[in-house]
There are 2 protein chains.
Amino acid sequence: MKVKEIANAKDANNLKVTRQEAIINLIENEHVGTQNELLKRLEEAGFAVTQATISRDIRELRLVKVANPGGSYHYEISKSNDNSLDSNKFYSIFTAGVNKVDYANNLVVVKCFTGLAQAVCATMDGMDWPGIVGTVSGDDTILVVMRDEYCAMELVQKLKEIR
Amino acid sequence: MKVKEIANAKDANNLKVTRQEAIINLIENEHVGTQNELLKRLEEAGFAVTQATISRDIRELRLVKVANPGGSYHYEISKSNDNSLDSNKFYSIFTAGVNKVDYANNLVVVKCFTGLAQAVCATMDGMDWPGIVGTVSGDDTILVVMRDEYCAMELVQKLKEIR
DNA sequence: GTATTTTATGCATAATTATGCTATGATAAA
DNA sequence: TTTATCATAGCATAATTATGCATAAAATAC
């Protein structure tokens, strides 16, 4: 295979990717209500595709159309995408960021290295564990409110196993 | 106004509400891919409406259709962090900002849309409710320490009424 | 090299969803 | 009471979105 062909291939491959990136950018920065609107915006940005392609992009990106309070619609990134947090990802963030885990009553305290609490907390929220009523995190500490003391104990046990 | 009329009014009013509750239930428990599918399920559950009505329900409930990894689609509840407070003058900061309220023991956890916890917390502090010992708020969660569990329960009840 | 498979996309159209108009019944006002 | 206003939902249809089929180009296999 010639070098130029490789280049073309990469360009072609990137085309879809960059277009999809552009789509995400667009819907994050303005209210796009229909695929045709998106089509026009993309055209302006130099991406000439048909509505069919955009429909497929939207499926691949798992974008969703949601109602505005006013009655119109706009596309946005599905928040359920963020939930696709596999345990592996959690483990690495957790082991990297957590210093100490303890509990008192129905409260679990997760001590993190400074600045990492937010990240670890977000990851923990994403795991959607049973028994968690809510979480607050500061700079280096996460406070996890559990339904009861037993849940707290269980969680601490689980977390200690991970480390 | 006669008693019967009141009853009818309430029934009529509840019809939409209970139907929408049924819709939420349905989409949470099985994969509903289209509004027609939903229509059939609702029929089975005793709600005879047309697709148009379902479309409107979906708009009101702000449900979204999202792609499954397999290529099909299903409806789900939007986890949209709608921070567009300004767009809706009808709602108070509380209804706009609060997502979920729960408690465990003497702690009340108020889950807010990201970034709104501070604002909501300030509003709550200003209300000067009885039984509140103190509040802490992170990015999206407020932790309210109550005098005791009974107070916590009461507060949660009050907050749920507001929403 | 050629053949085969895969990927991206357009076109036309099917499938799905949203909405203007209207009717009906409830609520509020006069 | 009578009239006006408001909310719900059906019907028909417009608007929007998804997809089967075809094509081209690229990746892979032979």
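Note that the structure is a prediction, hence the values are computed from the model and not measured. Basis for what follows: all heavy atoms, side chains included, without hydrogens, waters or symmetry-related copies.
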Can you figure out which of [options] approaches the side chain of [X] most closely?
X: A/Gln35; options: C/dT17, D/dT17, D/dA12; value: D/dT17
X: A/Arg59; options: D/dG10, C/dT16, D/dT19; value: D/dT19
X: B/Ser55; options: D/dT16, C/dT19, C/dT16; value: C/dT19

CD1 on A/Ile58 to OH on A/Tyr75, rounded to 0.5 Å |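 It is 4.0 Å, given to the nearest 0.5 Å.
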
Could you state the interatomic distance from CD (B/Gln35) to CD1 (B/Ile54), rounded to the nearest 0.5 Å?
->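 So the gap between those two atoms works out to 7.0 Å.
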
Of B/Val49 and B/Tyr73, whose closest DNA chain D nucleotide lies nearer the 5' terminus?
->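 It is B/Val49 whose nearest nucleotide is closer to the 5' end.
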
Taking the nucleotide of DNA chain D with the closest heavy atom to each, which residue, B/Thr53 or A/Arg56, is nearer the 5' end?
->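 Checking each residue's closest nucleotide, the 5'-ward one belongs to B/Thr53.
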
Five pairs at each end of the helix from C/dG1-D/dC30 to C/dA30-D/dT1: take the axis at both ends and give me the angle between them to 10°.
->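 The end axes of the helix from C/dG1-D/dC30 to C/dA30-D/dT1 are about 30° apart, to the nearest 10°.
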
For A/Thr50 and B/Ile54, take the nucleotide of DNA chain C holding the closest heavy atom to each; which residue's nucleotide lies nearer the 5' end?
->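 Final value for this comparison: A/Thr50.
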
Counting distance only, does the side-chain N/O of B/Asp57 pair as donor-acceptor with the main-chain N or O of B/Gln20 below 3.5 Å?
->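 Answer holds: no.
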
Using modelled atom types only, decide if a donor and an acceptor are shared between the side chain of B/Ser78 and the backbone of B/Leu63 within a distance under 3.5 Å.
->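 Between the backbone of B/Leu63 and the side chain of B/Ser78 there is no qualifying donor-acceptor contact (under 3.5 Å).
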
Please work out if A/Ala48 contacts a base, only the sugar-phosphate, or nothing of the nucleic acid, heavy-atom cut-off 4.0 Å.
->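 Sugar-phosphate contact only - A/Ala48 comes under 4.0 Å of backbone atoms but never of a base.
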
Assign A/Tyr75 to base, sugar-phosphate, or nothing according to its heavy-atom contacts below 4.0 angstrom with the strands shown.
->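 Sugar-phosphate contact only - A/Tyr75 comes under 4.0 Å of backbone atoms but never of a base.
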
Salt bridge (charged side-chain N to carboxylate O under 4.0 Å, His left out) involving A/Glu149 - partner list, sequence neighbours excluded |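 None.
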
